[in-house]
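Values in this document were obtained by computation on a predicted structure and should not be read as measured data.
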Amino acid sequence: MQPTITPMETTMGATVTGIDLANMSTAEWRMVEDAFHEHAVLLFPAQNLTDEAQIAFALRFGEMELLRSDPDAKAVNISNQKPDGSVVQPGEHGYNALRGNEGWHTDSSYMPLAAKASVLSAQVVPSSGGETAVADMRDAYDALDQDMKDKIADLSAYHSLYQSQAKIGYTVATGAGYGYHTKGAPLRPLVYTHPATGRKSLFIGRHAYRIPGMDDGEAKELLDGLLEFACQPPRTYYHAWKPGDVMMWDNRCTLHAAQPYDYNQPRVMRHTRIAGDPAMDLAATAKDEAASGFEPTTSNL
Ligand code: OGA
Ligand code: MN
């Protein structure tokens, strides 16, 4: 079996076929890693990975971000289905997080250490809708005019799950759980330089909300404007899932968003998240906190 890598008709993304992610040779893994750097989003149709295989695949890219305090929870459900088979209703636990995922975002930008990549597989899909959209922030940066590039070159924004959920009407008490910062919100530059490719990208999304040195109204206008500009063709791809498909994205240079569907139907996805590199992806604010005795590691996030 010879892997085939077919670039998508958008500025990012490639479909990889003729490969079994659960049984890759070293040469095949090298191809996958190179393709990940080049294309930022990889789609592997019909893999039907076991949980163990999905975790093992994710671990090839780096350390796992543990999404719960449970050290065994290396993969989590992104799902509206409850253990009894019924689906979560508005107001029930988890519903608001799923609706939040429908806004353009990058995973864990609201954590002290942002995520490198995420691997998502489809288990149960609704009869229509429920696609996952991805957008290329490398091309978005390249497409900015020089004035805007100059304007944002040295700007940073805070990232907060409290803020992004509040924007869509869901306010939560402090200390609400995973992802809700307990120290100050992380501060991240608007322009990210990729450690493997050297390419610049826009680092924005729904969690970004305030720019030091700028009036809050002006910052909102700037961030909203950039987001709208960035998440447009030819930079976007919408994946209509089949159970067994696997898609992964580079959180450092893409955004993603779940698409709506009939919320009375179950949609069950399995998610593994690879931690960022502390040298690149630890927020400046978190470094300050580390200097003051707080040590953000992947296991205490
Ligand atoms: C995620 C996510 C979107 C989706 O897995 O991080 O945002 O389509 N998923 O479920
Ligand atoms: Mn996400």
### Task
Flag the pair Tyr192 / Tyr141 as yes when at least one side-chain heavy-atom distance between them is below 4.5 Å, and no otherwise.
no
### Task
Decide yes or no for Trp249 and Leu120: does some side-chain heavy atom of the first lie under 4.5 Å from some side-chain heavy atom of the second?
yes
### Task
Say whether, by atom type as modelled, one donor and one acceptor occur between the side chain of Gln165 and the main chain of Gln163 under 3.5 angstrom.
no
### Message
Does Asp250 form a salt bridge (charged side-chain N to carboxylate O under 4.0 Å, His left out) with Arg252? I'd like the steps, not just the answer.
### Response
CA-CA 5 Å; Asp250 190 330; Arg252 302 165 296 184; 2.8 Å; yes
### Query
Above 12 or not: heavy atoms from other molecules or residues under 6.0 Å from CZ of Arg30?
no
### Query
Going hydrophobic residue to hydrophobic residue with side-chain gaps under 4.5 angstrom, can you get from Val124 over to Met247?
no
### Message
Hydrophobic cluster membership, with links at side-chain heavy-atom distances under 4.5 Å among I/L/V/M/F/W/Y: are Met8 and Val246 in one?
### Response
no
### Query
In Å and rounded to the nearest 0.5 Å, what is the CG to CZ distance from Asn80 to Arg267?
8.5 Å
### Query
Are the side chain of Asp281 and the backbone of Ala114 linked by a donor-acceptor contact shorter than 3.5 Å?
no
### Query
What distance do Leu202 atom CG and Cys253 atom SG have between them, rounded to the nearest 0.5 Å?
11.5 Å
### Task
Taking His194 for its side chain and Ala196 for its backbone only, find out whether a donor-acceptor pair lies under 3.5 Å.
yes
### Task
Drop me the distance from Gln2's CD to Glu28's CD, to the nearest 0.5 angstrom.
7.5 Å
### Message
So for atom CD, which belongs to Glu228, do other residues, nucleotides or ligands contribute more than 12 heavy atoms lying within a distance under 6.0 Å?
### Response
no
### Query
Taking the six-membered ring for Trp, are His105 and His207 parallel (under 30°), tilted (30 to 60°) or perpendicular (over 60°)?
perpendicular
### Task
Answer whether the closest heavy-atom distance between the side chains of Leu223 and Leu190 falls below 4.5 Å.
yes
### Summary
From the list Leu42, Val16, Thr15, Asp34, side chain to side chain contact (heavy atoms under 4.5 Å, CB included) partner of Ile5 resolves to Val16
### Query
Where do Ser79 and Leu98 come nearest, in terms of heavy atoms and distance?
O-CD1, 3.4 Å
### Query
Heavy atoms, side chains only, cut-off 4.5 Å: are Thr10 and Thr236 in contact?
no
### Query
Transitively linked via ILVMFWY side-chain contacts under 4.5 Å: Met31 with Trp29?
yes
### Task
Please name the pair of heavy atoms, one in Trp241 and one in Gly130, separated by the smallest distance, quoted to 0.1 Å.
CD1-O, 3.4 Å
### Message
Contact between Thr11 and Arg138 at the side-chain level, heavy atoms closer than 4.5 Å - yes or no?
### Response
no
### Task
Tell me, yes or no, whether the heavy-atom count around Asp154 atom CG, taken from other residues, nucleotides or ligands under 6.0 Å, exceeds 12.
no
### Task
For Asn77 and Arg270, indicate whether the former's side chain and the latter's backbone hold a donor-acceptor pair under 3.5 Å.
no
### Message
Please evaluate residues Glu65 and Ile274 with respect to the criterion side chain to side chain contact (heavy atoms under 4.5 Å, CB included), reporting the C-alpha separation (whole Å), side-chain torsions for both, the decisive distance (0.1 Å), and the verdict.
### Response
CA-CA 5 Å; Glu65 178 178 332; Ile274 299 129; over 6 Å; no
### Query
Within the distance-only criterion (no hydrogens, no angle test), does the side chain of Asn251 pair as donor or acceptor with the backbone N or O of Asp107 below 3.5 angstrom?
yes
### Task
Using a 4.5 Å cut-off on heavy atoms from C-beta on, say whether the side chain of Met64 contacts that of Thr272.
yes
### Task
Would you check if Val32 and Phe44 make a side-chain contact, meaning some heavy-atom pair closer than 4.5 Å?
yes
### Task
Could you go through the side chain to side chain contact (heavy atoms under 4.5 Å, CB included) check for Cys231 and Met137 one step at a time?
CA-CA 8 Å; Cys231 300; Met137 295 302 107; 4.1 Å; yes
## Note on the structure
Nearest heavy-atom approach of Ser128 to Tyr261 is O-CB, 3.5 Å
### Query
Between the main-chain N or O of Leu21 and the side-chain N or O of Gln47, is there a donor-acceptor pair closer than 3.5 Å?
yes
### Query
Do Ile204 and Leu144 belong together in a cluster built from hydrophobic side chains that touch within less than 4.5 Å?
yes
### Task
Would you indicate whether the side-chain heavy atoms of Leu255 and Leu227 approach each other to under 4.5 Å?
yes
### Message
Can you confirm whether Glu221 is buried at CD, in the sense that more than 12 heavy atoms of other residues, nucleotides or ligands lie under 6.0 Å from that atom?
### Response
no
### Task
Verify side chain to side chain contact (heavy atoms under 4.5 Å, CB included) between Leu222 and Leu155, making sure each step is shown before the conclusion.
CA-CA 11 Å; Leu222 176 63; Leu155 297 181; 4.0 Å; yes
### Message
Under 4.5 Å between side-chain heavy atoms, counting indirect links through other Ile/Leu/Val/Met/Phe/Trp/Tyr residues: same cluster for Val87 and Tyr95 or not?
### Response
no
### Task
Report yes or no: is the cationic atom of Arg235 (NZ for Lys, CZ for Arg) under 6.0 Å from the centre of the six-membered ring of Phe229, at an angle within 45° of the ring normal?
yes
### Query
If you count the non-hydrogen atoms of other residues, nucleotides and ligands that lie under 6.0 Å from NZ in Lys200, is the total more than 12?
no
### Task
Describe, in one word, how the ring planes of Phe61 and Phe36 are oriented to each other, choosing from parallel (under 30°), tilted (30 to 60°) and perpendicular (over 60°).
perpendicular
### Query
Between atom NE2 of His159 and atom OG of Ser108, what is the distance when rounded to the nearest 0.5 Å?
12.0 Å
### Thr106 side chain to Ser109 backbone, donor-acceptor under 3.5 Å
no
### Task
Ignoring hydrogens and angles, tell me if any N or O in the side chain of Thr285 forms a donor-acceptor pair with the backbone of Leu187 under 3.5 Å.
yes
### Task
Looking only at non-hydrogen atoms, find the nearest pair between Lys287 and Pro278 and report the distance.
CE-O, 4.5 Å
### Query
Could you give the distance from CE (Met12) to CG (Asp139), rounded to the nearest 0.5 Å?
9.0 Å
### Query
What distance do Asp277 atom CG and Lys116 atom NZ have between them, rounded to the nearest 0.5 Å?
8.0 Å
### Message
Looking at every heavy atom in both Ser121 and Gln54, which two are closest together, and how far apart are they?
### Response
OG-OE1, 2.7 Å
### Glu38 backbone acceptor or donor facing Arg199 side chain under 3.5 Å
no
### Query
Asp245 side chain to Leu43 main-chain N or O, any donor-acceptor pair under 3.5 Å?
no
### Task
Locate the shortest heavy-atom distance separating Ala240 from Glu131; write the atom from each residue and the value.
CA-CG, 3.8 Å
